[in-house]
Visitor: 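Have a look at this one before I ask anything.
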Amino acid sequence: MPDKIAIEKGSVQETLIIPLYGRKLCAEVFPQLYTDPSAARICERLDYDFSELDKQAQSTFWRFGALEAAMRQLDMQWEIRDYLVTHPRAAVVNMGCGLDQTGRACDNGSCRIYNVDMPDIIAAREELSPAGEREVNIASDLNGFGWMDEVDGSEGAIFFAAGVFYYFTEVQARALLNELAMRFPGSRVVFDTVGKLGKRLMRSTFKSFGMENYDECLYVEDVEALRGWVPGAMVSARGYMLGYYPMDDPAVTGLHRFLARLCDGPVKMRIVRFDL
Ligand SMILES: C[S@@+](CC[C@H](N)C(=O)[O-])C[C@H]1O[C@@H](n2cnc3c(N)ncnc32)[C@H](O)[C@@H]1O
């Protein structure tokens, strides 16, 4: 058995554990809705104490958390596959990829897959699942734009970020989008956001990951406010939980559906899309 890979406790990088574990749990509990063999395999290879998460895995709320992680990935996959219909050789770029394999899940045999994250995460990723054919792992802070030099967007590009824009200030998010617009005209960018209430609800979780500047970070109360961010871009948004798929699985309960409507409603959890 190869050595286990350590994930540093109390770091921003540790935040990748929650969606990863959520995808593993979702694939176990809601198999008709979501499959993700890589999540379980990767969890097994991590030197991380999952016992607390395992204990809570039976609860309705944790199962709903798992649904959140999986629905977001399904939403991203919808957007990627949709873009690949018209740009089959596009760059598929996972910004703040963690240990997620969405690029591979959408591989059409001709696209190019890029995974960008901080150096320690990319190092762990390389050990757990080294870059395959037509795949490049890039160790970089997303806010230093040099990483974009490595992306070949000559046949289109779709950039997606799952659970990542919460770490950016509005200034950083706008700068990133404008840089992508300048370098990759015709590309698509997809990311998830929450409104003011959602941000308040997530506060203690993010603070526990040592995120000092949480109060300054992005939330989107009104999608209309994003329209002026990138000149000439088209902006649209859909509900995060129910905006793409109806969440069909026999194990999805009435309470889960109620919570999903709350998330897409007052909590304003959304998948935002910029067509640049
Ligand atoms: C909540 S995790 C989500 C991981 C992955 N997208 C998923 O769905 O499993 C957030 C990820 O964003 C990465 N991240 C946050 N800020 C970043 C930045 N400025 N540059 C690169 N990666 C960043 C973290 O290292 C972490 O892997």
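All values reported here derive from a predicted model rather than from experimental measurement. Both counts, for ligands and for their atoms, begin at 1 and track the order of listing.
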Visitor: Would you call Asp152 and Arg112 a salt bridge, using N to O less than 4.0 angstrom?
Guide: yes
Visitor: When the aromatic ring centroids of Phe159 and Phe274 are compared, is their separation below 6.0 Å?
Guide: no
Visitor: So, regarding Asn94 and ligand 1 (criterion: nitrogen or oxygen to nitrogen or oxygen, under 3.5 Å), is there a contact or not?
Guide: no
Visitor: In terms of ring plane angle, is the pair Tyr21 and Phe50 parallel, tilted or perpendicular, where the classes change at 30° and 60°?
Guide: parallel
Visitor: Does the separation of the ring centres of Phe168 and Phe165 fall below 6.0 angstrom?
Guide: yes
Visitor: Hey, is Ser140 one of the residues with a heavy atom under 4.0 angstrom from ligand 1?
Guide: yes
Visitor: Judging by distance only, is a nitrogen or oxygen of Arg23 under 3.5 angstrom from one on ligand 1?
Guide: yes
Visitor: Do we see a donor-acceptor contact under 3.5 Å between the side chains of Glu79 and Tyr244?
Guide: yes
Visitor: What are the two closest non-hydrogen atoms of Phe145 and Arg183, and how far apart are they?
Guide: O-NH2, 3.7 Å
Visitor: Heavy-atom pairs closer than 4.0 Å: do any link ligand 1 to the side chain of Met95, the backbone, both, or neither?
Guide: neither
Visitor: Under 4.5 Å between any side-chain heavy atoms of Tyr219 and Arg200, yes or no?
Guide: no
Visitor: Using a strict 4.0 Å cut-off to heavy atoms of Thr15, name the atoms of ligand 1 that fall inside it.
Guide: 1 (C), 2 (S), 10 (C)
Visitor: When you measure from the heavy atoms of Gln73 to every atom of ligand 1, does any distance fall below 4.0 Å?
Guide: yes
Visitor: For ligand 1, which atoms have a heavy atom of Ala162 less than 4.0 angstrom away?
Guide: 3 (C), 5 (C), 6 (N), 8 (O)
Visitor: Identify, by atom number and element, the atoms of ligand 1 in contact range of Val164, meaning under 4.0 Å from any of its heavy atoms.
Guide: 12 (O)
Visitor: Tell me which one of Pro19, Gly163, Cys97 gets a heavy atom nearest to atom 5 (C) of ligand 1.
Guide: Cys97
Visitor: Are Gln32 and Asp248 close enough that a side-chain donor and a side-chain acceptor fall under 3.5 Å?
Guide: no
Visitor: Of all the heavy atoms in Phe168, does at least one lie under 4.0 Å from an atom in ligand 1?
Guide: yes
Visitor: Identify, by atom number and element, the atoms of ligand 1 in contact range of Tyr167, meaning under 4.0 Å from any of its heavy atoms.
Guide: 1 (C), 10 (C), 15 (C)
Visitor: Taking non-hydrogen atoms only, is Asp100 closer than 4.0 angstrom to ligand 1 via side chain, backbone, both or neither?
Guide: side chain
Visitor: For Asp141, state whether at least one heavy atom is located under 4.0 Å from any atom of ligand 1.
Guide: yes
Visitor: One thing to verify: whether Arg41 and Glu44 come together as a salt bridge, which I'm taking to mean a side-chain N less than 4.0 angstrom from a carboxylate O.
Guide: no
Visitor: Hey, which atoms in ligand 1 end up nearer than 4.0 Å to a heavy atom of Asn143?
Guide: 19 (N)
